[in-house]
Asker: 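Quick one: the structure is below, and I'll ask about it shortly.
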There are 2 protein chains.
Amino acid sequence: MADDPLPESGTPPRWRRRKEARPQEIVAAALDVFTERGFAATRLEEIAARAGISKGTLYLYFPNKEELFKAVVRSAIVPNLEMAEHLLHDFPGPSMEILAQLLEGIGGRIMATKVGGIPKLMIAEAGNFPDLARFYLDEVINRGFRVIGAVIERGVARGEFRPVNVAHTVRLVIAPVLMIAVWRSSFEPVEGKPLDVRGLLAEHLDHLRRALQPEGPGGDEA
Amino acid sequence: MADDPLPESGTPPRWRRRKEARPQEIVAAALDVFTERGFAATRLEEIAARAGISKGTLYLYFPNKEELFKAVVRSAIVPNLEMAEHLLHDFPGPSMEILAQLLEGIGGRIMATKVGGIPKLMIAEAGNFPDLARFYLDEVINRGFRVIGAVIERGVARGEFRPVNVAHTVRLVIAPVLMIAVWRSSFEPVEGKPLDVRGLLAEHLDHLRRALQPEGPGGDEA
DNA sequence: GATAAATAACTGACTGGTCAGTTATCAAAT
DNA sequence: ATTTGATAACTGACCAGTCAGTTATTTATC
(Lines give C-alpha, C1' and ligand atoms only; values in the text may rest on other atoms or scores of the structure.)
Protein backbone atom coordinates (compact mmCIF):
# COMPACT_ATOMS: atom_id res chain seq x y z
CA MET A 1 0.00 0.00 0.00
CA ALA A 2 2.60 2.55 1.11
CA ASP A 3 5.96 3.19 -0.41
CA ASP A 4 8.94 1.87 1.44
CA PRO A 5 10.37 4.69 3.46
CA LEU A 6 13.98 4.33 2.43
CA PRO A 7 15.44 7.77 3.09
CA GLU A 8 17.99 7.20 0.38
CA SER A 9 20.15 10.11 -0.49
CA GLY A 10 20.36 11.26 -4.09
CA THR A 11 17.94 10.40 -6.85
CA PRO A 12 15.04 8.17 -5.94
CA PRO A 13 14.85 5.44 -8.58
CA ARG A 14 11.67 5.40 -10.59
CA TRP A 15 10.97 1.89 -9.47
CA ARG A 16 12.59 -1.01 -7.75
CA ARG A 17 12.53 -4.75 -8.27
CA ARG A 18 10.29 -6.41 -5.78
CA LYS A 19 9.59 -9.70 -7.43
CA GLU A 20 8.95 -11.53 -4.18
CA ALA A 21 6.75 -8.95 -2.50
CA ARG A 22 4.60 -7.92 -5.45
CA PRO A 23 2.04 -10.72 -5.51
CA GLN A 24 0.97 -10.22 -1.92
CA GLU A 25 0.82 -6.48 -2.35
CA ILE A 26 -1.27 -6.80 -5.47
CA VAL A 27 -3.62 -9.26 -3.84
CA ALA A 28 -4.02 -7.01 -0.82
CA ALA A 29 -4.79 -4.01 -2.99
CA ALA A 30 -7.15 -6.09 -5.08
CA LEU A 31 -9.05 -7.26 -2.00
CA ASP A 32 -9.57 -3.62 -1.06
CA VAL A 33 -10.85 -2.50 -4.41
CA PHE A 34 -12.90 -5.59 -5.22
CA THR A 35 -14.74 -5.43 -1.92
CA GLU A 36 -15.33 -1.72 -2.28
CA ARG A 37 -16.54 -1.68 -5.85
CA GLY A 38 -17.51 -5.21 -6.85
CA PHE A 39 -15.90 -7.31 -9.53
CA ALA A 40 -17.20 -5.67 -12.69
CA ALA A 41 -16.83 -2.09 -11.45
CA THR A 42 -13.26 -2.61 -10.33
CA ARG A 43 -10.68 -1.12 -12.68
CA LEU A 44 -7.40 -2.93 -12.79
CA GLU A 45 -5.73 0.44 -13.07
CA GLU A 46 -6.98 1.33 -9.60
CA ILE A 47 -5.68 -1.89 -8.12
CA ALA A 48 -2.35 -1.20 -9.75
CA ALA A 49 -2.29 2.34 -8.42
CA ARG A 50 -3.00 1.19 -4.87
CA ALA A 51 -0.31 -1.45 -5.15
CA GLY A 52 2.07 1.25 -6.32
CA ILE A 53 2.64 -0.23 -9.76
CA SER A 54 1.34 0.15 -13.28
CA LYS A 55 -1.41 -1.83 -14.92
CA GLY A 56 0.98 -3.70 -17.17
CA THR A 57 2.86 -5.00 -14.17
CA LEU A 58 -0.28 -6.71 -12.95
CA TYR A 59 -0.11 -8.92 -15.98
CA LEU A 60 3.35 -10.09 -15.09
CA TYR A 61 1.88 -11.73 -12.02
CA PHE A 62 -1.68 -12.61 -12.95
CA PRO A 63 -2.93 -13.65 -16.37
CA ASN A 64 -6.25 -11.79 -16.11
CA LYS A 65 -8.81 -10.16 -13.87
CA GLU A 66 -10.57 -13.39 -13.05
CA GLU A 67 -7.45 -15.20 -11.93
CA LEU A 68 -6.48 -12.23 -9.80
CA PHE A 69 -9.87 -12.43 -8.21
CA LYS A 70 -9.46 -16.11 -7.52
CA ALA A 71 -6.11 -15.42 -5.90
CA VAL A 72 -7.79 -12.85 -3.67
CA VAL A 73 -10.45 -15.30 -2.59
CA ARG A 74 -7.92 -18.01 -1.97
CA SER A 75 -5.64 -15.87 0.11
CA ALA A 76 -8.48 -14.35 2.12
CA ILE A 77 -10.60 -17.38 2.83
CA VAL A 78 -8.75 -20.61 2.47
CA PRO A 79 -6.43 -20.13 5.47
CA ASN A 80 -9.47 -19.50 7.64
CA LEU A 81 -11.02 -22.71 6.47
CA GLU A 82 -7.89 -24.63 7.26
CA MET A 83 -7.92 -23.23 10.77
CA ALA A 84 -11.51 -24.32 11.17
CA GLU A 85 -10.69 -27.81 10.00
CA HIS A 86 -7.86 -28.08 12.48
CA LEU A 87 -10.05 -26.85 15.29
CA LEU A 88 -12.57 -29.54 14.47
CA HIS A 89 -10.01 -32.32 14.67
CA ASP A 90 -8.03 -31.14 17.67
CA PHE A 91 -10.61 -29.78 20.07
CA PRO A 92 -11.67 -32.33 22.66
CA GLY A 93 -14.45 -30.41 24.44
CA PRO A 94 -18.19 -30.12 23.87
CA SER A 95 -19.39 -29.62 20.31
CA MET A 96 -21.26 -26.45 21.19
CA GLU A 97 -17.94 -25.02 22.24
CA ILE A 98 -16.46 -25.74 18.81
CA LEU A 99 -19.42 -24.07 17.15
CA ALA A 100 -19.01 -21.04 19.41
CA GLN A 101 -15.30 -20.74 18.71
CA LEU A 102 -15.90 -21.13 15.00
CA LEU A 103 -18.54 -18.45 14.84
CA GLU A 104 -16.70 -16.07 17.11
CA GLY A 105 -13.55 -16.57 15.09
CA ILE A 106 -15.36 -15.72 11.91
CA GLY A 107 -17.07 -12.76 13.55
CA GLY A 108 -13.74 -11.41 14.71
CA ARG A 109 -12.27 -11.73 11.27
CA ILE A 110 -15.23 -10.03 9.66
CA MET A 111 -14.80 -7.10 11.99
CA ALA A 112 -11.03 -6.89 11.78
CA THR A 113 -10.36 -7.53 8.10
CA LYS A 114 -11.97 -7.09 4.74
CA VAL A 115 -12.73 -10.74 4.11
CA GLY A 116 -16.33 -10.03 5.04
CA GLY A 117 -16.64 -8.34 1.68
CA ILE A 118 -15.95 -11.53 -0.24
CA PRO A 119 -19.39 -13.10 0.21
CA LYS A 120 -20.97 -9.96 -1.12
CA LEU A 121 -18.71 -10.14 -4.12
CA MET A 122 -19.50 -13.74 -4.85
CA ILE A 123 -23.20 -13.23 -4.40
CA ALA A 124 -23.09 -10.38 -6.82
CA GLU A 125 -20.98 -12.00 -9.51
CA ALA A 126 -21.87 -15.68 -9.37
CA GLY A 127 -24.34 -15.31 -12.19
CA ASN A 128 -21.95 -13.58 -14.55
CA PHE A 129 -18.92 -15.73 -13.82
CA PRO A 130 -20.11 -19.28 -13.44
CA ASP A 131 -16.68 -20.81 -13.22
CA LEU A 132 -15.83 -18.35 -10.47
CA ALA A 133 -18.98 -19.40 -8.69
CA ARG A 134 -18.07 -23.04 -9.16
CA PHE A 135 -14.64 -22.37 -7.71
CA TYR A 136 -16.12 -20.58 -4.69
CA LEU A 137 -18.73 -23.28 -4.21
CA ASP A 138 -16.12 -26.02 -4.19
CA GLU A 139 -13.29 -24.31 -2.37
CA VAL A 140 -15.20 -22.27 0.17
CA ILE A 141 -18.87 -22.95 0.63
CA ASN A 142 -18.97 -26.70 0.49
CA ARG A 143 -15.82 -26.99 2.50
CA GLY A 144 -17.26 -24.68 5.13
CA PHE A 145 -20.52 -26.58 5.16
CA ARG A 146 -18.63 -29.81 5.63
CA VAL A 147 -16.84 -28.52 8.70
CA ILE A 148 -20.00 -27.24 10.36
CA GLY A 149 -21.82 -30.40 9.38
CA ALA A 150 -19.11 -32.50 10.98
CA VAL A 151 -19.40 -30.56 14.23
CA ILE A 152 -23.15 -31.05 14.32
CA GLU A 153 -22.88 -34.72 13.59
CA ARG A 154 -20.28 -35.01 16.31
CA GLY A 155 -22.65 -33.31 18.73
CA VAL A 156 -25.53 -35.58 17.83
CA ALA A 157 -23.35 -38.67 18.06
CA ARG A 158 -22.15 -37.64 21.52
CA GLY A 159 -25.67 -36.94 22.69
CA GLU A 160 -24.97 -33.24 23.13
CA PHE A 161 -27.46 -32.26 20.45
CA ARG A 162 -30.86 -33.68 19.67
CA PRO A 163 -31.07 -35.35 16.26
CA VAL A 164 -31.59 -32.72 13.60
CA ASN A 165 -31.51 -32.47 9.86
CA VAL A 166 -27.84 -31.77 9.47
CA ALA A 167 -27.91 -30.20 6.01
CA HIS A 168 -30.56 -27.71 7.03
CA THR A 169 -29.03 -26.98 10.39
CA VAL A 170 -25.70 -26.18 8.79
CA ARG A 171 -27.36 -23.46 6.78
CA LEU A 172 -29.20 -22.15 9.82
CA VAL A 173 -25.91 -21.91 11.68
CA ILE A 174 -24.24 -20.03 8.90
CA ALA A 175 -27.09 -17.76 7.85
CA PRO A 176 -26.58 -15.13 10.55
CA VAL A 177 -22.88 -14.98 9.82
CA LEU A 178 -23.67 -14.39 6.19
CA MET A 179 -26.12 -11.71 7.19
CA ILE A 180 -23.48 -10.00 9.29
CA ALA A 181 -20.95 -10.04 6.48
CA VAL A 182 -23.46 -8.77 3.98
CA TRP A 183 -24.77 -6.10 6.28
CA ARG A 184 -21.37 -4.72 7.07
CA SER A 185 -20.42 -4.70 3.42
CA SER A 186 -23.53 -3.21 1.95
CA PHE A 187 -25.75 -1.39 4.41
CA GLU A 188 -23.79 -0.43 7.47
CA PRO A 189 -21.94 2.33 5.59
CA VAL A 190 -25.27 3.72 4.45
CA GLU A 191 -27.09 3.50 7.75
CA GLY A 192 -24.25 4.91 9.77
CA LYS A 193 -24.64 3.08 13.07
CA PRO A 194 -22.44 0.02 13.47
CA LEU A 195 -23.92 -3.44 13.77
CA ASP A 196 -23.46 -5.08 17.16
CA VAL A 197 -21.68 -8.11 15.75
CA ARG A 198 -20.63 -9.63 19.07
CA GLY A 199 -24.07 -9.22 20.57
CA LEU A 200 -25.78 -10.67 17.55
CA LEU A 201 -23.48 -13.68 17.51
CA ALA A 202 -23.99 -14.20 21.24
CA GLU A 203 -27.75 -14.17 20.75
CA HIS A 204 -27.38 -16.58 17.86
CA LEU A 205 -25.35 -18.98 19.98
CA ASP A 206 -27.86 -18.72 22.79
CA HIS A 207 -30.70 -19.56 20.40
CA LEU A 208 -28.66 -22.39 18.92
CA ARG A 209 -27.96 -23.90 22.34
CA ARG A 210 -31.67 -24.01 23.06
CA ALA A 211 -32.63 -25.21 19.60
CA LEU A 212 -30.13 -28.06 19.62
CA GLN A 213 -30.62 -29.09 23.23
CA PRO A 214 -31.69 -32.73 23.55
CA GLU A 215 -35.25 -32.96 24.76
CA GLY A 216 -34.88 -34.40 28.23
CA PRO A 217 -37.93 -36.35 29.45
CA GLY A 218 -36.91 -35.55 33.03
CA GLY A 219 -33.95 -33.43 34.03
CA ASP A 220 -31.36 -32.35 31.52
CA GLU A 221 -27.83 -30.99 31.75
CA ALA A 222 -25.22 -33.53 32.81
CA MET B 1 -42.66 -10.53 -24.03
CA ALA B 2 -44.63 -12.13 -26.88
CA ASP B 3 -46.53 -10.38 -29.60
CA ASP B 4 -50.25 -10.41 -29.31
CA PRO B 5 -51.52 -13.06 -31.66
CA LEU B 6 -54.12 -11.08 -33.53
CA PRO B 7 -54.70 -13.19 -36.64
CA GLU B 8 -55.54 -10.05 -38.56
CA SER B 9 -55.82 -10.42 -42.27
CA GLY B 10 -53.43 -8.42 -44.36
CA THR B 11 -50.07 -7.02 -43.31
CA PRO B 12 -48.97 -7.54 -39.70
CA PRO B 13 -47.72 -4.16 -38.47
CA ARG B 14 -44.08 -3.98 -37.49
CA TRP B 15 -45.04 -2.62 -34.11
CA ARG B 16 -48.02 -1.28 -32.27
CA ARG B 17 -48.68 1.64 -29.99
CA ARG B 18 -49.00 0.47 -26.40
CA LYS B 19 -48.43 3.53 -24.32
CA GLU B 20 -50.31 2.21 -21.28
CA ALA B 21 -48.86 -1.27 -21.15
CA ARG B 22 -45.23 -0.44 -21.88
CA PRO B 23 -44.01 0.64 -18.42
CA GLN B 24 -45.14 -2.57 -16.73
CA GLU B 25 -43.71 -4.68 -19.50
CA ILE B 26 -40.41 -2.87 -19.33
CA VAL B 27 -40.22 -3.18 -15.56
CA ALA B 28 -41.02 -6.89 -15.77
CA ALA B 29 -38.34 -7.46 -18.38
CA ALA B 30 -35.91 -5.35 -16.37
CA LEU B 31 -36.56 -7.41 -13.25
CA ASP B 32 -35.65 -10.51 -15.22
CA VAL B 33 -32.44 -9.17 -16.64
CA PHE B 34 -31.29 -7.26 -13.57
CA THR B 35 -31.73 -10.28 -11.32
CA GLU B 36 -29.97 -12.51 -13.81
CA ARG B 37 -27.01 -10.29 -14.57
CA GLY B 38 -26.78 -7.62 -11.87
CA PHE B 39 -26.98 -3.92 -12.40
CA ALA B 40 -23.70 -3.14 -14.11
CA ALA B 41 -23.70 -6.14 -16.43
CA THR B 42 -27.25 -5.59 -17.61
CA ARG B 43 -27.47 -4.16 -21.11
CA LEU B 44 -30.43 -1.93 -21.70
CA GLU B 45 -30.64 -3.41 -25.17
CA GLU B 46 -31.39 -6.80 -23.66
CA ILE B 47 -34.14 -5.42 -21.47
CA ALA B 48 -35.57 -3.72 -24.53
CA ALA B 49 -35.41 -6.91 -26.54
CA ARG B 50 -37.20 -8.90 -23.85
CA ALA B 51 -39.85 -6.23 -23.57
CA GLY B 52 -40.32 -6.43 -27.32
CA ILE B 53 -39.21 -2.87 -28.00
CA SER B 54 -36.10 -1.02 -29.05
CA LYS B 55 -33.57 0.59 -26.80
CA GLY B 56 -34.65 4.06 -27.74
CA THR B 57 -38.17 3.37 -26.54
CA LEU B 58 -36.86 2.66 -23.06
CA TYR B 59 -35.81 6.25 -22.81
CA LEU B 60 -39.30 7.43 -23.57
CA TYR B 61 -40.44 5.85 -20.31
CA PHE B 62 -37.42 6.00 -17.99
CA PRO B 63 -34.78 8.72 -17.92
CA ASN B 64 -31.86 6.37 -17.27
CA LYS B 65 -30.73 2.98 -16.07
CA GLU B 66 -30.78 3.88 -12.40
CA GLU B 67 -34.33 5.18 -12.38
CA LEU B 68 -35.46 2.08 -14.19
CA PHE B 69 -33.77 0.03 -11.51
CA LYS B 70 -35.54 1.94 -8.75
CA ALA B 71 -38.85 1.33 -10.46
CA VAL B 72 -38.10 -2.38 -10.53
CA VAL B 73 -37.36 -2.48 -6.82
CA ARG B 74 -40.45 -0.52 -5.94
CA SER B 75 -42.79 -2.63 -7.98
CA ALA B 76 -41.35 -5.93 -6.78
CA ILE B 77 -41.04 -5.41 -3.07
CA VAL B 78 -43.28 -2.75 -1.69
CA PRO B 79 -46.59 -4.58 -2.27
CA ASN B 80 -45.28 -7.61 -0.38
CA LEU B 81 -44.43 -5.50 2.64
CA GLU B 82 -47.87 -4.03 2.70
CA MET B 83 -49.32 -7.53 2.83
CA ALA B 84 -47.10 -8.43 5.76
CA GLU B 85 -48.16 -5.37 7.68
CA HIS B 86 -51.81 -6.24 7.20
CA LEU B 87 -51.22 -9.79 8.42
CA LEU B 88 -49.64 -8.46 11.61
CA HIS B 89 -52.61 -6.30 12.45
CA ASP B 90 -55.39 -8.67 11.51
CA PHE B 91 -54.24 -12.06 12.77
CA PRO B 92 -55.55 -12.92 16.22
CA GLY B 93 -53.78 -16.24 16.91
CA PRO B 94 -50.44 -17.17 18.51
CA SER B 95 -47.43 -15.07 17.55
CA MET B 96 -45.45 -18.08 16.41
CA GLU B 97 -48.21 -18.67 13.89
CA ILE B 98 -47.77 -15.17 12.48
CA LEU B 99 -44.05 -15.73 12.20
CA ALA B 100 -44.66 -19.02 10.42
CA GLN B 101 -47.10 -17.50 7.97
CA LEU B 102 -44.79 -14.60 7.30
CA LEU B 103 -41.80 -16.80 6.60
CA GLU B 104 -43.75 -19.30 4.55
CA GLY B 105 -45.32 -16.49 2.57
CA ILE B 106 -41.93 -15.07 1.77
CA GLY B 107 -40.57 -18.52 0.97
CA GLY B 108 -43.41 -19.15 -1.44
CA ARG B 109 -42.81 -15.88 -3.18
CA ILE B 110 -39.11 -16.51 -3.47
CA MET B 111 -39.83 -19.82 -5.14
CA ALA B 112 -42.64 -18.62 -7.39
CA THR B 113 -41.39 -15.23 -8.53
CA LYS B 114 -38.17 -13.42 -9.21
CA VAL B 115 -38.34 -11.04 -6.26
CA GLY B 116 -35.84 -13.27 -4.50
CA GLY B 117 -33.28 -11.80 -6.83
CA ILE B 118 -33.73 -8.29 -5.47
CA PRO B 119 -31.78 -8.77 -2.25
CA LYS B 120 -28.88 -10.06 -4.27
CA LEU B 121 -29.09 -7.00 -6.45
CA MET B 122 -29.18 -4.60 -3.55
CA ILE B 123 -26.36 -6.33 -1.76
CA ALA B 124 -24.28 -6.08 -4.88
CA GLU B 125 -25.02 -2.49 -5.77
CA ALA B 126 -25.45 -0.76 -2.42
CA GLY B 127 -21.85 0.39 -2.44
CA ASN B 128 -21.97 1.86 -5.92
CA PHE B 129 -25.40 3.48 -5.59
CA PRO B 130 -25.71 4.89 -2.08
CA ASP B 131 -28.98 6.66 -2.69
CA LEU B 132 -30.47 3.43 -3.96
CA ALA B 133 -29.22 1.73 -0.80
CA ARG B 134 -30.78 4.42 1.35
CA PHE B 135 -34.08 4.00 -0.44
CA TYR B 136 -33.97 0.22 0.04
CA LEU B 137 -32.95 0.54 3.67
CA ASP B 138 -35.84 2.86 4.46
CA GLU B 139 -38.55 1.38 2.31
CA VAL B 140 -37.78 -2.30 2.56
CA ILE B 141 -35.33 -3.41 5.21
CA ASN B 142 -36.30 -1.25 8.13
CA ARG B 143 -39.96 -1.66 7.37
CA GLY B 144 -39.52 -5.42 7.28
CA PHE B 145 -37.53 -5.39 10.49
CA ARG B 146 -40.26 -3.38 12.15
CA VAL B 147 -42.93 -5.92 11.27
CA ILE B 148 -40.93 -8.89 12.56
CA GLY B 149 -39.95 -6.94 15.65
CA ALA B 150 -43.56 -6.18 16.38
CA VAL B 151 -44.46 -9.86 16.16
CA ILE B 152 -41.70 -10.81 18.57
CA GLU B 153 -42.67 -8.11 21.04
CA ARG B 154 -46.24 -9.27 20.80
CA GLY B 155 -45.12 -12.81 21.60
CA VAL B 156 -43.06 -11.74 24.58
CA ALA B 157 -45.85 -9.54 25.90
CA ARG B 158 -48.31 -12.41 25.66
CA GLY B 159 -45.95 -14.79 27.41
CA GLU B 160 -45.62 -16.97 24.31
CA PHE B 161 -41.91 -16.22 23.95
CA ARG B 162 -39.23 -15.83 26.58
CA PRO B 163 -37.75 -12.34 26.81
CA VAL B 164 -35.14 -11.91 24.11
CA ASN B 165 -33.14 -9.11 22.57
CA VAL B 166 -35.64 -8.09 19.94
CA ALA B 167 -33.28 -6.30 17.57
CA HIS B 168 -30.97 -9.29 17.41
CA THR B 169 -33.74 -11.82 17.20
CA VAL B 170 -35.29 -10.02 14.25
CA ARG B 171 -32.08 -10.48 12.34
CA LEU B 172 -31.84 -14.12 13.36
CA VAL B 173 -35.36 -14.71 12.10
CA ILE B 174 -34.64 -13.09 8.77
CA ALA B 175 -31.14 -14.40 8.16
CA PRO B 176 -32.17 -17.82 6.82
CA VAL B 177 -34.68 -16.21 4.49
CA LEU B 178 -31.95 -13.99 3.17
CA MET B 179 -29.72 -17.00 2.76
CA ILE B 180 -32.41 -18.79 0.79
CA ALA B 181 -32.94 -15.83 -1.51
CA VAL B 182 -29.25 -15.39 -2.05
CA TRP B 183 -28.61 -19.06 -2.58
CA ARG B 184 -31.30 -19.43 -5.18
CA SER B 185 -30.11 -16.34 -6.98
CA SER B 186 -26.43 -17.01 -6.97
CA PHE B 187 -25.43 -20.59 -6.32
CA GLU B 188 -28.32 -22.90 -7.03
CA PRO B 189 -27.93 -22.47 -10.79
CA VAL B 190 -24.27 -23.38 -10.50
CA GLU B 191 -24.65 -26.32 -8.19
CA GLY B 192 -27.53 -27.83 -10.08
CA LYS B 193 -29.53 -29.43 -7.30
CA PRO B 194 -32.42 -27.35 -6.01
CA LEU B 195 -32.45 -26.06 -2.47
CA ASP B 196 -35.13 -27.61 -0.26
CA VAL B 197 -36.71 -24.28 0.63
CA ARG B 198 -39.76 -25.67 2.40
CA GLY B 199 -37.70 -28.10 4.42
CA LEU B 200 -35.18 -25.49 5.41
CA LEU B 201 -37.89 -23.06 6.48
CA ALA B 202 -39.61 -25.80 8.46
CA GLU B 203 -36.38 -26.58 10.26
CA HIS B 204 -35.87 -22.89 10.92
CA LEU B 205 -39.31 -22.57 12.43
CA ASP B 206 -38.73 -25.67 14.54
CA HIS B 207 -35.48 -24.20 15.86
CA LEU B 208 -37.17 -20.87 16.46
CA ARG B 209 -39.99 -22.46 18.43
CA ARG B 210 -37.45 -24.09 20.74
CA ALA B 211 -35.22 -21.04 20.97
CA LEU B 212 -38.08 -18.72 21.86
CA GLN B 213 -39.89 -21.10 24.21
CA PRO B 214 -40.28 -19.65 27.70
CA GLU B 215 -38.10 -21.50 30.20
CA GLY B 216 -40.22 -23.35 32.72
CA PRO B 217 -38.63 -23.42 36.23
CA GLY B 218 -39.59 -27.05 36.92
CA GLY B 219 -41.57 -28.94 34.31
CA ASP B 220 -41.94 -27.18 31.01
CA GLU B 221 -44.82 -26.99 28.56
CA ALA B 222 -48.03 -25.65 30.06
C1' DG C 1 -66.58 6.37 -45.28
C1' DA C 2 -62.75 7.56 -47.69
C1' DT C 3 -58.55 10.35 -47.87
C1' DA C 4 -55.17 13.49 -46.19
C1' DA C 5 -52.73 15.95 -42.56
C1' DA C 6 -51.03 15.90 -37.96
C1' DT C 7 -49.34 13.66 -34.05
C1' DA C 8 -47.11 10.59 -31.05
C1' DA C 9 -44.84 6.02 -30.50
C1' DC C 10 -41.10 3.80 -31.94
C1' DT C 11 -36.68 2.58 -34.27
C1' DG C 12 -31.72 1.77 -34.92
C1' DA C 13 -27.47 3.73 -36.32
C1' DC C 14 -24.30 6.62 -34.15
C1' DT C 15 -21.27 8.94 -30.51
C1' DG C 16 -18.39 9.43 -26.74
C1' DG C 17 -16.29 7.31 -23.15
C1' DT C 18 -14.52 3.39 -20.54
C1' DC C 19 -11.59 -0.41 -19.68
C1' DA C 20 -9.38 -5.29 -20.16
C1' DG C 21 -5.69 -6.84 -22.20
C1' DT C 22 -1.22 -6.11 -25.45
C1' DT C 23 3.24 -4.55 -26.75
C1' DA C 24 7.23 -1.64 -27.85
C1' DT C 25 10.45 0.24 -25.06
C1' DC C 26 13.25 1.37 -21.12
C1' DA C 27 15.77 0.95 -16.75
C1' DA C 28 17.71 -1.85 -13.06
C1' DA C 29 20.14 -5.76 -11.66
C1' DT C 30 23.61 -9.10 -12.23
C1' DA D 1 26.11 -7.25 -22.02
C1' DT D 2 22.34 -9.66 -21.17
C1' DT D 3 18.32 -10.71 -18.71
C1' DT D 4 14.33 -9.37 -16.18
C1' DG D 5 10.98 -6.03 -13.91
C1' DA D 6 8.41 -2.47 -15.08
C1' DT D 7 6.19 1.09 -17.83
C1' DA D 8 2.98 3.82 -20.75
C1' DA D 9 1.00 4.22 -24.96
C1' DC D 10 -2.01 1.59 -27.70
C1' DT D 11 -5.98 -1.48 -29.42
C1' DG D 12 -10.34 -3.38 -29.76
C1' DA D 13 -14.64 -4.43 -27.79
C1' DC D 14 -18.43 -2.92 -25.42
C1' DC D 15 -22.35 -0.06 -23.97
C1' DA D 16 -25.26 4.03 -22.01
C1' DG D 17 -27.43 7.50 -23.90
C1' DT D 18 -28.88 10.48 -28.30
C1' DC D 19 -31.39 11.81 -32.28
C1' DA D 20 -32.83 12.06 -37.14
C1' DG D 21 -35.90 9.52 -39.35
C1' DT D 22 -39.92 5.95 -39.84
C1' DT D 23 -44.44 4.10 -38.97
C1' DA D 24 -48.88 3.38 -36.50
C1' DT D 25 -52.73 5.83 -34.99
C1' DT D 26 -55.75 9.73 -34.52
C1' DT D 27 -58.05 13.75 -36.10
C1' DA D 28 -59.66 16.77 -39.55
C1' DT D 29 -61.61 17.39 -44.16
C1' DC D 30 -64.36 16.37 -48.08
Side-chain angles (χ1 to χ4, degrees), chain A residues 3-4 6 8-27 29-30 33-34 36-72 121 125 128-129 131-132, chain B residues 1-4 6 8-27 29-30 33-34 36-72 125 128-129 132:
Chain A
D3 287 343
D4 33 358
L6 275 193
E8 198 175 326
S9 62
T11 47
R14 274 216 293 142
W15 44 265
R16 198 175 284 262
R17 282 198 188 182
R18 322 252 334 273
K19 192 183 181 181
E20 313 304 324
R22 292 287 190 226
Q24 308 174 37
E25 295 173 352
I26 294 171
V27 164
V33 186
F34 276 137
E36 279 170 29
R37 303 240 193 288
F39 183 80
T42 287
R43 281 173 299 125
L44 289 187
E45 223 146 15
E46 186 172 356
I47 294 178
R50 290 211 205 178
I53 58 172
S54 75
K55 185 166 68 150
T57 304
L58 277 183
Y59 284 88
L60 299 178
Y61 295 96
F62 300 93
N64 54 46
K65 196 180 186 182
E66 199 166 328
E67 286 302 319
L68 172 56
F69 183 75
K70 281 188 191 176
V72 168
L121 259 177
E125 306 297 345
N128 298 329
F129 301 91
D131 53 329
L132 216 56
Chain B
M1 213 79 68
D3 288 343
D4 31 358
L6 275 193
E8 200 176 325
S9 62
T11 47
R14 276 216 294 139
W15 47 265
R16 203 173 279 264
R17 286 192 182 182
R18 321 247 340 269
K19 193 185 180 174
E20 313 303 322
R22 292 290 189 223
Q24 308 174 37
E25 294 173 353
I26 294 171
V27 164
V33 187
F34 276 137
E36 278 170 30
R37 302 239 195 287
F39 183 80
T42 287
R43 281 174 300 127
L44 289 186
E45 220 146 18
E46 186 173 356
I47 294 178
R50 291 211 205 177
I53 58 173
S54 75
K55 188 164 67 152
T57 305
L58 274 184
Y59 285 88
L60 300 177
Y61 294 97
F62 300 93
N64 55 45
K65 200 180 185 182
E66 195 167 334
E67 286 303 317
L68 173 56
F69 184 74
K70 281 189 192 174
V72 167
E125 306 298 342
N128 298 332
F129 300 90
L132 211 57

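Residue numbering restarts at 1 for every chain, and letters A, B, ... go by the order of the sequence lines. On a predicted model such as this, the values are computed, not experimentally measured, just so you know.
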Asker: Could you give the CD1-to-C1' distance, from A:Ile53 to C:dA27, as a whole number of Å?
Answerer: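 Rounding to the nearest Å, CD1 of A:Ile53 and C1' of C:dA27 are 17 Å apart.
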Asker: Do the rings of B:Phe34 and B:Phe69 sit parallel, tilted or perpendicular, given the 30° and 60° boundaries?
Answerer: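 Aromatic pair B:Phe34/B:Phe69 classed perpendicular.
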Asker: Nearest whole Å is fine: how far is D:dA6 C1' from A:Tyr61 OH?
Answerer: 8 Å
Asker: Whole angstroms only, please: what is the CZ-C1' distance between A:Phe62 and D:dA6?
Answerer: 16 Å
Asker: For B:Glu45, enumerate each residue passing the side chain to side chain contact (heavy atoms under 4.5 Å, CB included) test, keeping only those at least two apart in sequence or located in another chain.
Answerer: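 Side chain to side chain contact (heavy atoms under 4.5 Å, CB included) check on B:Glu45 returns B:Lys55.
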Asker: Name all residues meeting the side chain to side chain donor-acceptor pair (under 3.5 Å) criterion together with A:Glu36; count only those two or more places apart in sequence or in a different chain, and write none if there are none.
Answerer: A:Arg50
Asker: Can you give me the closest heavy-atom contact between B:Leu58 and B:Ile26, atom names plus distance?
Answerer: CD2-CG2, 3.3 Å
Asker: What integer distance in Å separates B:Leu60:CG from C:dG12:P?
Answerer: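 After rounding, the gap between these two atoms is 14 Å.
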Asker: Assign B:Leu58 to base, sugar-phosphate, or nothing according to its heavy-atom contacts below 4.0 angstrom with the strands shown.
Answerer: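 No contact at all - B:Leu58 keeps every heavy atom at 4.0 Å or more from the nucleic acid.
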Asker: Which heavy atom of A:Ala40 sits nearest a heavy atom of A:Glu125, and at what distance?
Answerer: N-OE2, 3.6 Å
Asker: To 10°, what angle do the rotation axes through the five end pairs on each side of the helix from C:dG1-D:dC30 to C:dT30-D:dA1 form?
Answerer: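 Answer rounded to 10°: the end axes differ by 0°.
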Asker: Starting at the 5' end of nucleotides 15-22 of chain C, put B wherever the base has a protein heavy atom under 4.0 Å, S where only the sugar-phosphate does, and a dash everywhere else.
Answerer: ----SBBB
Asker: Measuring to OP1 and OP2 of D:dT7, would you say a side-chain N or O of A:Ser54 lies under 4.0 angstrom away?
Answerer: yes
Asker: Sequence neighbours left out, what pairs pass salt bridge (Lys or Arg N to Asp or Glu O under 4.0 Å) with at least one residue falling in residues 60-69 of chain B?
Answerer: B:Glu67-B:Lys70
Asker: Please give me the minimum heavy-atom distance between A:Ala29 and A:Ile47, naming the atom from each residue.
Answerer: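 Closest pair (atom of A:Ala29, atom of A:Ile47, distance): CB-O, 3.8 Å.
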Asker: With sequence neighbours excluded, what pairs up with A:Phe62 under the ring pair (Phe, Tyr, Trp, His ring centres under 6.0 Å) test?
Answerer: none
